[in-house]
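In what follows, every chain begins at residue 1, and chains take the letters A, B, ... in the order their sequences are listed.
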Number of protein chains: 2
Amino acid sequence: MTAEMTTPRERLLDAAERIFSAKGFSATTLRDISSKLSLSHASLYYHFPGGKEELFAAVTERNIMHHGVGLLHSIEAAGTDLRGQLRGAAAWLLSQSPMDLIRMAETDMPALPEHVAKKLMDLVYVQMILRLRQVFQAGVDTGELGPATDAGLMAGAFLGLIESLHSIPEFAVRRSRTDMAFELVEVLLKGLDYSKGGLK
Amino acid sequence: MTAEMTTPRERLLDAAERIFSAKGFSATTLRDISSKLSLSHASLYYHFPGGKEELFAAVTERNIMHHGVGLLHSIEAAGTDLRGQLRGAAAWLLSQSPMDLIRMAETDMPALPEHVAKKLMDLVYVQMILRLRQVFQAGVDTGELGPATDAGLMAGAFLGLIESLHSIPEFAVRRSRTDMAFELVEVLLKGLDYSKGGLK
DNA sequence: GTCTATATAAAGATAGAC
DNA sequence: GTCTATCTTTATATAGAC
């Protein structure tokens with residue numbers, strides 16, 4: 001059996017993902033992508049007859065799935081320990097290139113046909129938000145977290161926190177991002193309040 | 001004395017800000033903006049001879065200053081109470097249209113000349129990051145927050161949290177965003193850990 | 001599968017009339 | 001100040017050769 005490392009399609013998706021991630025949908029041109037592969041831009045239409053939109057949708061769907069699967073594995077690898085699960089999830093997200101979910105939702109999606117945008121945002125919800133929500137909800141169920149905890153809110157907040165770490169400019173990074181993420185996990189769990197009760 | 005409410009330049013900036021905020025720099029066209037004012041796109045060059053770049057830079061600078069000044073006022077209005085300051089800052093940021101700082105930094109800025117991008121990002125740092133950092137640092141200095149608190153990290157994290165609230169789709173908003181922001185302020189201060197010490 | 005060539009559309013920008 | 005007209009560039013997309 002021939003065991004190929006990567007298909008041409010995947011190499012194309014890899015290159016496209018890097019550029020779409022960096023510049024977003026509308027600022028990226030097909031020539032940006034094809035030139036990285038030493039191809040003419042017209043050749044991209046052989047692989048993705050639907051052009052830029054189809055390519056972006058394929059890239060984004062694969063990226064979301066990749067993040068979701070990795071999130072699931074990193075959470076499962078931590079067993080049932082809440083802190084470990086959150087640390088694992090944070091470390092995984094930071095090990096990947098930034099998704100910029102806000103730009104994706106607010107800026108890129110409106111440029112796509114509505115049913116495509118809906119499908120992709122639903123995928124983000126299932127693969128990322130729901131999985132993190134389950135982590136927080138499990139914490140509530142076991143009594144580790146307060147019963148009033150809004151697990152859905154915390155899932156979104158967690159993603160927002162990690163994304164903000166991703167966007168810290170390289171020159172301003174004194175500690176590793178993972179280090180900072182772990183500190184933020186501690187803040188979420190224990191709070192900043194040093195005296196634990198000093199604030200009413 | 002003639003006391004005009006708004007200058008033509010400001011009306012132009014208002015319209016441009018709405019569209020740039022929604023679609024980002026590269027997806028916005030001058031015709032998008034001029035049509036909202038029932039102008040021809042060529043007329044914009046009378047007010048901003050530098051074209052799209054100059055207009056975007058002016059819009060963004062004004063927007064950052066507006067956010068910074070409002071942030072300062074909302075913090076000062078809360079007196080010396082840390083919780084009140086954070087709540088005030090959060091409520092102010094949520095009362096304004098989203099800035100999408102990550103997209104601004106990662107996607108819009110690279111499309112501008114470097115010195116313009118640097119000036120704008122420096123302005124974000126001074127007007128927004130530093131002001132929030134001072135709030136957290138004051139909490140450390142008074143002993144309200146733990147001495148190991150990284151005030152700079154928390155400033156960025158706070159902005160990330162509020163921005164993530166801004167991007168919750170309207171149909172998914174059950175409680176008000178301000179309500180959720182106040183809950184996140186409580187989490188930052190006190191943590192999610194219900195038993196306060198149950199997690200090692 | 002990839003190329004060259006080309007069609008088509010859209011956007012930034014300028015010139016000059018009013 | 002705003003217009004119409006036009007220039008130039010750039011991008012998506014298609015056609016057809018190899």
Problem - Steps toward salt bridge (charged side-chain N to carboxylate O under 4.0 Å, His left out) verdict (Asp150(A), Arg175(B)) - result: CA-CA 11 Å; Asp150(A) 183 335; Arg175(B) 308 147 62 193; 2.9 Å; yes

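- If you run salt bridge (charged side-chain N to carboxylate O under 4.0 Å, His left out) between Arg177(A) and each of Glu170(A), Glu183(A), Glu163(A), only Glu170(A) comes through.
- Two residues are said to be in side-chain contact when any heavy atoms from C-beta on lie closer than 4.5 Å; Arg62(A) and Asp14(A) meet this criterion.
- For Phe25(B), the ring-ring contact (aromatic ring centres under 6.0 Å, His included) criterion is met by Phe56(B), not counting sequence neighbours.
- Residue pairs meeting the side-chain hydrogen bond (donor to acceptor under 3.5 Å, both in side chains) criterion with at least one member in residues 33-51 of chain B, sequence neighbours excluded: Arg31(B)-His41(B).
- One can place CZ of Phe48(B) at 12 Å from P of dT2(D), the figure rounded to the nearest angstrom.
- Whole-Å rounding puts the Arg9(A) CZ to dG1(C) P distance at 12 Å.
- Proximity of a side-chain donor or acceptor of Ser21(B) to a complementary backbone N or O of Glu17(B) within less than 3.5 Å is detected.
- If you check residues 11-26 of chain A against DNA chain D, you find no residue with a heavy atom closer than 4.0 Å.
- For residues 94-104 of chain A, the set of pairs meeting the side-chain hydrogen bond (donor to acceptor under 3.5 Å, both in side chains) definition, not counting sequence neighbours, comprises His66(A)-Gln96(A), Arg103(A)-Asp108(A), Arg103(A)-Thr107(B).
- Checked against ring-ring contact (aromatic ring centres under 6.0 Å, His included), Phe158(A) has no partners two or more places apart in sequence or in another chain.
- As a whole-Å value, the separation of Leu44(B) CG from dG1(D) C1' is 12 Å.
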Practice task
Scan nucleotides 3-18 of chain D nucleotide by nucleotide, 5' to 3', and note B when protein non-hydrogen atoms come under 4.0 Å of the base, S if they reach only the sugar-phosphate, - if neither.
Solution key: BB------BBBB----

